[in-house]
Amino acid sequence: MSLAIVSSRAAVGIHAPAVQVEAHISNGLPAVHIVGLPEAAVRESRDRVRSALINSGLDFPTRRITVNLAPADLPKEGGRYDLPIALAILCASRQLPQAAVQHMDFLGELALNGELRPVAGVLPAAVAASRDGQSIVLPAGNAAEAMRVSGARVYAPASLGELYQQLANRDLPAPCEGAGQTGTRKPALADLADVRGQGHARRALEVAAAGGHNLLLFGPPGAGKTLLAERLPGILPPLGEEAALATACLYSVAGNARSESDWYHPPFRAPHHSASPAALAGGGSVPRPGEISLAHNGVLFLDELPEFSRTALEILREPLECGEMRISRARHQASFPARFQLIAAMNPCPCGHGAQSEQCRCSPDRVNRYLARVSGPLLDRIDLHVPVTPVPVADLLCTANAAEDSATVQARVCRAHELLAAGAPKQSDPACWVSKSDRDWLASAAKRMQLSGRGLHRLLRVARTISALQGLERLERPHLLEAFSFRMQTPADQPAAPSATTILADTQPA
């Protein structure tokens, strides 16, 4: 009788807890039993392992084999355990010394001929192995992804037979040392210089980028809402090393590794309005990240906002507040980071032209039903409400384009980010940003606009961002006025609604 233990890594959200693969060979009728809460793909590994060992010129014991995946209460899924199970059987049958697999984590799916196939979610495993001082052995197809983890020691054999020879002869090649991401921080392809006119919307886009604010663009079809939203990633600051790694871990778990050119890019996710609540939030029998989490450290763009189902939109409320997406199932729970910027676009009415246009033929009831698809609590979490009006044809056809490009705007945004980050400890109480002389004026204006406590707090943060864009550390009346201008109008406003000028002009300081 013989017992062997080989280390591996599970996939639980974006975490990779250690799993001990124990193999015990005893007398009895030939059989392979896998225990430790394995799902169907893990139970099927016994057939893949048997064929891979035989086709690699190794012996498969014709005795009773029990494989335990510990801890037993942690669900195991996928083909990532094929390689550690095969090595545990080789060690238990004395074909491989136990010492040869010490201080290593093994991951990989086996083909019937013994080749190693890539698996999803290796980036969190490489992070965890590096943190615990372990080397990691995985398929060659996963090597480039794992080497993006600074300090990771990566071995990437092509097949089980090759790995067996290296371990048996103590002739492992030198590990590939992960040196982090060395790719260049390439600019986004969509440039803000392509946008003609839209001065107010461009300014709102810059403010949103500088402060990480949520933005709603509304206006008739073809006015440029999507054009503007697609250019937001190009003016956002590049991701830092830690943020880029956290984002890449989410994509790795989802089975879609980020490319070298995208590594430092803030992600931009634009799901179709027919996306289901599960597609946005994530889910499955074993939870996987959805569009909300895949937009972590980047932008989630929802075009045609009222066309999304009400259930799907209400899912956004919690992650917008806490920056986390929690998924609970009967047997599985997972938590994914979800700090993203929400950029939404919508028409003012079902036909798109708006009640103020002569082309609109929508009845008031139909308009109200359309706008009611977006709840008040969700709108209250969106900092900037910006109308986008059509640009005159003469301006569109003008060949002279003096608009600023993305690189110029991005430089201002990066300086504002640095200024805001430097003053972060002082930003716990936004009321302290407002001078005593402006406090009474602000209270009166907020009352006239019927701002909620959350709305007032977000307005102050927008004003603070505007001051940072000017390189100032203090908050002044013009910054508050501009912040108010971004919340004065909503898609539901009718011509009779009080304008920003009326409200602020009638509001006098005490």
Side-chain angles (χ1 to χ4, degrees), residues 11-15 39-41 75 77-78 120-121 124 214-218 221 225-226 229-230 232-233 246-258 262 266-347 350 352 366 369-382 491:
V12 181
I14 60 169
H15 305 289
E39 64 140 21
E77 55 103 19
N214 303 319
L215 171 65
L216 172 64
L217 302 169
F218 57 92
K225 303 184 293 294
T226 302
E230 290 175 344
L232 178 60
T247 301
C249 283
L250 285 163
Y251 278 74
S252 178
V253 170
N256 183 19
R258 301 203 82 195
D262 289 337
F268 182 83
R269 306 294 298 187
H272 191 263
H273 64 256
S274 62
S276 67
L280 287 177
S285 57
V286 177
R288 288 284 185 270
E291 294 289 342
I292 290 175
S293 293
L294 293 176
H296 179 58
N297 291 321
V299 177
L300 177 65
F301 175 49
L302 301 184
D303 202 0
E304 305 295 345
L305 185 66
E307 301 299 336
F308 284 82
S309 72
R310 180 67 176 261
T311 304
L313 291 181
E314 294 308 298
I315 288 173
L316 293 166
R317 288 162 60 174
E318 287 79 8
L320 281 174
E321 288 293 328
C322 65
E324 189 176 35
M325 190 70 237
R326 303 184 185 96
I327 303 173
S328 296
R329 298 292 181 263
R331 296 179 58 188
H332 302 277
Q333 292 79 39
S335 178
F336 299 103
R339 294 203 173 276
F340 61 93
Q341 277 186 259
L342 174 63
I343 307 298
M346 61 181 291
N347 298 324
R366 189 182 176 201
R369 285 196 301 271
Y370 175 78
L371 297 176
R373 297 177 187 175
V374 184
S375 68
L378 179 59
L379 284 174
D380 198 41
R381 288 169 167 82
I382 299 179

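All values derive from a computational prediction rather than experimental measurement.
Atoms CG and CD1, on L300 and I292 in that order, are 6.5 Å from each other to the nearest 0.5 Å. If you take CD1 on I382 and CG on L216, they are separated by 5.0 Å, rounding to the nearest 0.5 Å. Of the inter-residue distances, the one linking I343 atom CD1 with F268 atom CZ reads 8.5 Å to the nearest 0.5 angstrom. To the nearest 0.5 angstrom, L378 atom CG is 6.0 Å from L313 atom CG. Atom OG of S309 is separated from atom CD of E314 by 9.5 Å, given to the nearest 0.5 angstrom. Atom CD of E304 sits about 12.0 Å away from atom OG of S274, to the nearest 0.5 Å.
Closest of all the heavy-atom pairs between I14 and P337 is CD1-CD, 3.6 Å. The shortest non-hydrogen separation linking G13 to V253 is O-CG2, 3.3 Å. Here the closest heavy-atom approach between residue Y370 and residue M346 is recorded as CE2-CE, 4.3 Å. K225 approaches N347 most closely through the heavy-atom pair NZ-OD1, 3.6 Å. Annotation for L217 and A229: closest pair CD1-N, 4.5 Å, computed over non-hydrogen atoms. Of all heavy-atom pairs between R339 and C322, the closest is NH2-O, 3.3 Å.
Side chains of P271 and L302 form a contact here, defined as non-hydrogen atoms less than 4.5 Å apart. Annotation: side chain of F340 is not in contact with side chain of P267 (no heavy-atom distance under 4.5 Å). Taking 4.5 Å as the limit, every side-chain heavy atom of P289 sits out of range of all side-chain heavy atoms of M325.
Counting only distance, with no hydrogens or angles, the side chain of R310 and the backbone of A372 share a donor-acceptor pair below 3.5 Å.
For the side-chain contact (heavy atoms from CB on, under 4.5 Å) test, residues two or more places apart in sequence or in another chain that qualify with D303 are T226, F301, A345. Residues that satisfy the salt bridge (Lys or Arg N to Asp or Glu O under 4.0 Å) test with E324, not counting sequence neighbours, are R326. The salt bridge (Lys or Arg N to Asp or Glu O under 4.0 Å) search around R373 returns E307, not counting sequence neighbours.
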